[in-house]
Every structure is written in structure tokens, then in C-alpha cells.
Amino acid sequence: MNYKTIEYLVDDGILTLRLNRPDKMNAFTLDMSDELTHAFYRASDDDDVRVIIVTGAGKAFCAGMDLSVAGNVFGLDETRKPTLAEMAEPDNMPGVRDSGGKVTLAIYDCKKPVIGAINGAAVGIGATMICAMDIRLASERARIGFVFGKIGIAPEGCSTWFLPRIVGMQQSLKWMMTGEIFDAAEAYSGGLVYEVCAADELMSRAYEMARQIADNTAPVSSALIRQMMYRNSAAAHPVEAHKIESLAVFYASKVDGKEGVSAFLEKRPANFESKSSSDMPPFYPWW
Amino acid sequence: MNYKTIEYLVDDGILTLRLNRPDKMNAFTLDMSDELTHAFYRASDDDDVRVIIVTGAGKAFCAGMDLSVAGNVFGLDETRKPTLAEMAEPDNMPGVRDSGGKVTLAIYDCKKPVIGAINGAAVGIGATMICAMDIRLASERARIGFVFGKIGIAPEGCSTWFLPRIVGMQQSLKWMMTGEIFDAAEAYSGGLVYEVCAADELMSRAYEMARQIADNTAPVSSALIRQMMYRNSAAAHPVEAHKIESLAVFYASKVDGKEGVSAFLEKRPANFESKSSSDMPPFYPWW
Amino acid sequence: MNYKTIEYLVDDGILTLRLNRPDKMNAFTLDMSDELTHAFYRASDDDDVRVIIVTGAGKAFCAGMDLSVAGNVFGLDETRKPTLAEMAEPDNMPGVRDSGGKVTLAIYDCKKPVIGAINGAAVGIGATMICAMDIRLASERARIGFVFGKIGIAPEGCSTWFLPRIVGMQQSLKWMMTGEIFDAAEAYSGGLVYEVCAADELMSRAYEMARQIADNTAPVSSALIRQMMYRNSAAAHPVEAHKIESLAVFYASKVDGKEGVSAFLEKRPANFESKSSSDMPPFYPWW
């Protein structure tokens, strides 16, 4: 629980996860990978957390892998010759599996909405990490780059799955193929970030959006929405969504749905009491 | 055929399906679910229908489930404890399956292009229903909301499958996570609606677009295009599309294609005689 | 190697593939299908080619199938009655398989970034062919049309797979359902083309973008990016991307990645020596 590379601060339902190596532009390390992974799983079952905001300490969001370490800078064990068959269980492949993907898979599994507040440079894993978040806000000072081709490697952080679902294939390929660094305005016009803010308004806008979710919606609903959107949208036929949606509405309608409908009819705020830690419906997880 | 909650009006190749409970803001009921489902299957094999326009009577498009009914307002049988295994056959699950998804699956199965003409409030099932339509036009008075999180339930109408395919993941998650109501301008900038019209021009614009399709294209082609786009785009590899497309062009080229090419070369309107009720190629349906 | 319908010109790492039947508006023929297919496979393993630009000779890009030929204008053997089961091996189905899809599947398989430079009319297969390319630039004189419904046939060229991934379902359905011809401005606002250029600046802009890729990125990285983006984005779960990405970064980090990181730290251009013809990592192809 004592993180060295990140801060984990919960206040009034909102977790601020801050990448915290400001003297290194929050460069990513294996420790940061482990700590972020831990933090997302922890927040997923922490009922004091309704919404997560991820940002960086200092001027940068995350400048990518820390290239100053000795040996393989990506933390990989170069003596191995891994095969695709061996990758069937990524947890069994330390020294091989991508440390960025470990984090984005933890984000994918999380029950809580995740807002990225991109305060500055977001490059490499800094750029791919934000693709697994639900909504991205950017300071006008943000600079983003999927620079993998330029340094002779390949995209990671599950970005080849997430990015096209956000911005479509053409924009994804343009950014990935060139490896170019682009600014907040291009990130907005290309569809990667939802809003661009003045640098000194970024966090207040992120908290405003987080409050809008935390104050008005049910925790179990948020968790269901998050998992249903990512998983059902990747199904081959809408009937697969129909099966899950039917059960989700069925069980939620008996609990939070009663309070929600009553509050709506009585024109008062709803008081949802179900917890996403313990009160998910019996068919959850369905995968 | 005597619908109580909708109107089914065919004129010169265009079916206008009007949600028709104007004193209730066209609130959705189990009867409306059954009648809409029936109407889409009927229109699918009605050769007098080339294009379908869906709109609402009065000021609203559809204000969501009718929350004024007694018992479970979603029409669900709360005594049951359904499992995912039981959902394998949704038709066998009355009292459990989502009544909105029943309608959107009927739209998905339909052979005819479907244009949504959103004349006013489209909330809850009113918002998700339009996601299964092919093209959405909105009056400047439209207000749309995926409000499920706010009333403590979960998205339905197969919207977790359809919405991200229209507007991408970030916009989908923003609207779903907040449950906010947004106006026509935001629906347009977010990519949900194709055009925003003055209120008194909405229907004429919808008929204009429907005419453009009905007067210029072949019925069998329309049916093939509709099913190929939704199904092939969800395949894992483009060769799956190639197999279907090859057969579609092969069989169509022998019939309507000959007339279409002749008309093109002779610079005259084509006179397509094939019917989508009886003249679909032998490999259809391929699923 | 002596192409009759196309030109294959390599200069300083960039292949210009020019459709070359200018007196016929570069109308597509079975010969052109075979020659384009051959050219994309050839370029895929030609280390002198880093980036491919596709354009048309004369005023048009490609006006669609050449409708002036005798018999079935799509080159199909009308005596056959093909089934979906028979389509399992498209290579075994001459006279049945779509000649446009043969080309777009060759583009899909290609290791090199592909830029479409749409200099004029791109209709039918001219429109669908560009959907399989990575980035599309259009002259302000471009006119594009998915006209299949108007001539009584159905979409081809794997466009029912590619197009929705570029522009989303609503825009795809609008263009396909109406069969209308639209201009470069609409192609841009709809998301199909990345940029619109003055007619006399189209090729210089295409070469500029090609140079940006060729001069700054590693060949093996480009090939990995291309295949990972198309294939991983269609997976059901991000962990499938994680498996491939982990291996791609693992193997690349030992070779080009070392040079890329050194060059970055030394603030000099990288000198990547790996070839995509012979030096792809051992897990490639993984499918």
C-alpha cells in the first residue's frame, strides 16, 4: 500500500491516481507497472472510490519507459525465446509480457469509470495507457506520441485493441505509422481526447466530470455499464449484448432500479445503497 | 394488424412507423414492444415497403419506459432467478428478456433501410432504439439521454453493441457513464445523428432521404447491403466479408445487375424487378 | 513483371503504384485485379519499398469495373451455382470470387504502409479499394461513390469489413444505402479521407507523408504495426492484443529497439538495419 512511484488519494468518492516521478517526467518503470496494476484492482473493490482520475505530477503526464535503466530498457529477459503458445497465460510470463499491457488490462477489469487528465507529455506507454481509460481530457500543453516505430519496437499497452475503437482505423494508423508527436488540438480533432482545457483548469474540469458521475449514478450501474460497453461491443451479434443486458436490467430493476424510479417520479435525488464490491448481480462476472 | 400503440402507414414505397401515445410522450410499454417487433418483421417482407421511417406522434419521440405502470415497471417477473445459460434462447424468457432488445433485434433482422426521425425527447429505450436504425435525423428540439445509470439500472436495447459502432467508445462511455440529457447539437457533433433539421422540416427531410433510396436502388441490393454491413463488419477477418460479398455480387449480377448496368450504359433510370420478399439469392440468409 | 494495366515505380524507398488505363478512366478489369494482387505481394517482400502510394493516371482514380466488356461484366461464370461452403477456399473459386476482394486481401496482407492518393473519380471498386488502404488523401477533384445499390448488385472489395472501421456504421450505411456520388469535402467530413489537397499538390503531399514514415521508422516495426492494428483491433478481448504485443516488443527490443533507444538518447537519427523480408520475429506470422 506504500506506493513509491504513484500517489493514491481518495476524497469524497474520487480517487486521484497521480504518476509521481516528476523529476523523471513520470517515466514508466516496472515498479510503476506493478503499483498501477495494484492500484486499479484495489480501487475496483474500494467502495469509497466511485470514479478514478489519472494524471501526472509536475509538467509531464508520462514520458514513456524510463530509458535510463541498465540492460533491456523494457525489463525483458533477453535470454528467453517465447512462443505464442506460452503467452496463453500472460501471468506466467514475467520478463516477457508487456508491462504496459499489465496495467491496461487492470484498467479494463476495473469496475469504476476512469478519466485521464493529460497534463503534459504522454509518449509511448504514456500514450497507450490513456487509450484504456474511458474519457480523456487534455491540457492545451499536452503532447502525445505513439512513437514505437521511431524507436524500432511495436505498439503495446493493448493499444492495438483500444485505439481503433476510439478514433477509427485511419487516424490510428496515421499516428502509429508515423510515430509523430502531436498536440492537444490534433488529439481533439482526431477524437482521442474529449476536451482540451487551459492548463490551470484541467483538474477542476476532471473533478467536475467525476462529480457528475459520482453524484448522479448508481455504483452497480456504473460497473455494469463499463464492463458491458467494452465486452458487448466486441461481440459478433447484438443478441450477445441482449442476453447480458436482459440480466443486468432484470437484477438491477429489483434493487437500485426501484429507488431510481421512485426518486425520478418524486423529483428528488436518488439514494442508491448497493455497493459494487458486494452487490453485483449473481450473473456477474459473466465471462 | 390493428396496432394500439403505433401507426403503420405505407405510401409510395415508404413506411412511416409512428409511436402513437402522444399524451404519454410515446412512453414505451410491453404492448408497444410487441407491436413494433411485429411491424418490423411485417415490413421486412412487405414489398410495398422500400424504406422505413420511425418517428413519434406529438412533441416527443419516446420518453422511455412508461414508469406509471404497477409492479415492475420494466415488465419483469421478479420471482425468477434467471441465469446466463437460460438466456441462450431469449424467446423462451418472457418476464426476463429486455423488451427493448426484442425490438432492436427485429430492426437488426429487417431487410429494409430504417431512418429515425427524432422529433423530440428520446430517452432510455427511446434513445437506445434509435441506435439500431441506420441513419438518424434529429429535430433541433430533440433531447436524448442514455439515463440508465441515473435510475439505477443498465443499458438495454442492444445499445452496448450498437452505440460504440456509431460514435466510438469515448463518446459512448461519456453519455452512458453520466446518464446526462443532451441536445440535438451535441448528438450531431458526437456523431449520433446524421443531420439536425428545423422542427418543421424534419419529416420532409426524412422523406427526401427515403425517396433517394427507394427511387434509385434495387430492393434486393438494399437488403443485402443492410445485412452485409452489420454482420461482416463484426467479423474477425476481411476474408469472411469476401466470401459473402463474392456470392452476393455473383447472384445479383445475373438479375438486377444486368438491368442496372444496361440502365447505366443507356443513361436511363433502372427498372429493378426483383423482390426482397421472394427473390433473395439462394445463399441468403447465410447465418 | 511486365504489367499492362498498372505502373510499378520504386524511387528512394517509395513505390508508386499507378492504375494506368487513363483512356478508360482506369476502369478495373480482371487483368488489373491480377496485376494489383501481384504488385502488393511483390512489394510486401521488396526491401526497396518502405511505403506504397496508389494513384491513378490521368483524370480519374478508378471509375469502377469496365462495363464495356462482353458477357458478365464482373467476369463471373454464370453457369455456376456456388454455395457458401464452397467459398471456404476463395482461391479455388475463379469465376465466382470477387476480383476486387482479391486485391484488397492482398493489401491487407501487405507489410508496407499504403497511402491512397485519390486524384479523381473513385467509384465502385475504385471506392472500395481505397478502404483497404491505411491513409487516404484526396484531390479536391475527387468524386467517390459506393454505387452498388444503384446498379443492382452488392458491395465488394471487403468494403463491408473495412468501411465501418474507418467511418463508423451511420456514415457507411448512408453512402452504401443511397449509392450517391459525393465530393472530396464530404469524404473528409465523413472521415473517409485524411486530407483534401489542391489537385496539383496531391502527389507532393502523398510523398511527404510517405517520406515521414520511410525516413523515421523501422521496417520491421512498420510491418508489425500494420498487421497488429488490423488483426488485434478485431479481437474480442484486449488480452489477445496483449499476447501479440508482448512478443512483438520482446523480439524487436533485442534488435531495432536497441538502435532506436540509443539513437534517441544520443539525439541522432536511427539507422535500422533489420529487413521486413527476412528479419521478422520468429512468432510472425502468428495467424
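Convention: sequence-line order gives letters A, B, ...; per-chain numbering from 1.
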Chain C contact via [X] - which portion, at a heavy-atom distance below 4.5 Å:
X: Val220(B); answer: neither
X: Ala235(B); answer: both
X: Tyr230(B); answer: both
X: Leu265(B); answer: side chain
X: Tyr194(B); answer: both
X: Ile115(B); answer: neither
X: Met133(B); answer: neither
X: Phe250(B); answer: both
X: Val193(B); answer: backbone

Tell me, for [X] versus chain B, whether the close heavy atoms (under 4.5 Å) come from the side chain, the backbone, both or neither.
X: Arg165(C); answer: side chain
X: Phe146(C); answer: neither
X: Lys102(C); answer: backbone
X: Tyr108(C); answer: side chain
X: Leu67(C); answer: both
X: Val96(C); answer: both
X: Ser159(C); answer: both

Taking [Y]'s backbone N and O only, do any of them form a donor-acceptor pair with [X]'s side chain (distance below 3.5 Å, no angle check)?
X: Lys243(B); Y: Pro90(C); value: no
X: Thr217(B); Y: Lys150(C); value: no
X: Gln170(C); Y: Ile135(B); value: no
X: Glu180(C); Y: Gln212(B); value: no
X: Glu245(B); Y: Ala154(C); value: no
X: Ser246(B); Y: Asp98(C); value: yes

Tell me, with the steps shown, if Thr83(C) and Phe283(B) meet side-chain contact (heavy atoms from CB on, under 4.5 Å).
CA-CA 6 Å; Thr83(C) 65; Phe283(B) 76 96; over 6 Å; no
Step by step, work out the side-chain contact (heavy atoms from CB on, under 4.5 Å) result for Leu247(B) and Leu84(C).
CA-CA 7 Å; Leu247(B) 294 178; Leu84(C) 187 54; 4.0 Å; yes
From CA spacing to verdict: side-chain contact (heavy atoms from CB on, under 4.5 Å), Lys258(B), Glu78(C):
CA-CA 12 Å; Lys258(B) 292 220 187 296; Glu78(C) 298 190 3; 2.5 Å; yes
Taking the side chain as everything from C-beta on, heavy atoms only, tell me whether [X] gets closer than 4.5 Å to [Y].
X: Val239(B); Y: Leu105(C); result: yes
X: Leu76(C); Y: Val249(B); result: yes
X: Met169(C); Y: Ser233(B); result: yes
X: His237(B); Y: Arg231(C); result: yes

Looking at every heavy atom in both [X] and [Y], which two are closest together, and how far apart are they?
X: Ile225(B); Y: Pro155(C); result: CG1-CD, 3.6 Å
X: Trp161(C); Y: Ala241(B); result: CB-CB, 3.9 Å
X: Ile151(C); Y: Phe264(B); result: CG2-CB, 4.5 Å
X: Cys158(C); Y: Pro238(B); result: SG-O, 3.5 Å
X: Ala234(C); Y: Ala236(B); result: CB-O, 3.5 Å

Hydrogens and angles aside, do Ser253(B) and Asn72(C) bring a side-chain donor and acceptor to less than 3.5 Å of each other?
yes
Quick one: do Arg226(B) and Met177(C) satisfy side-chain contact (heavy atoms from CB on, under 4.5 Å)? Show the steps, please.
CA-CA 8 Å; Arg226(B) 195 169 197 286; Met177(C) 290 293 194; 3.8 Å; yes
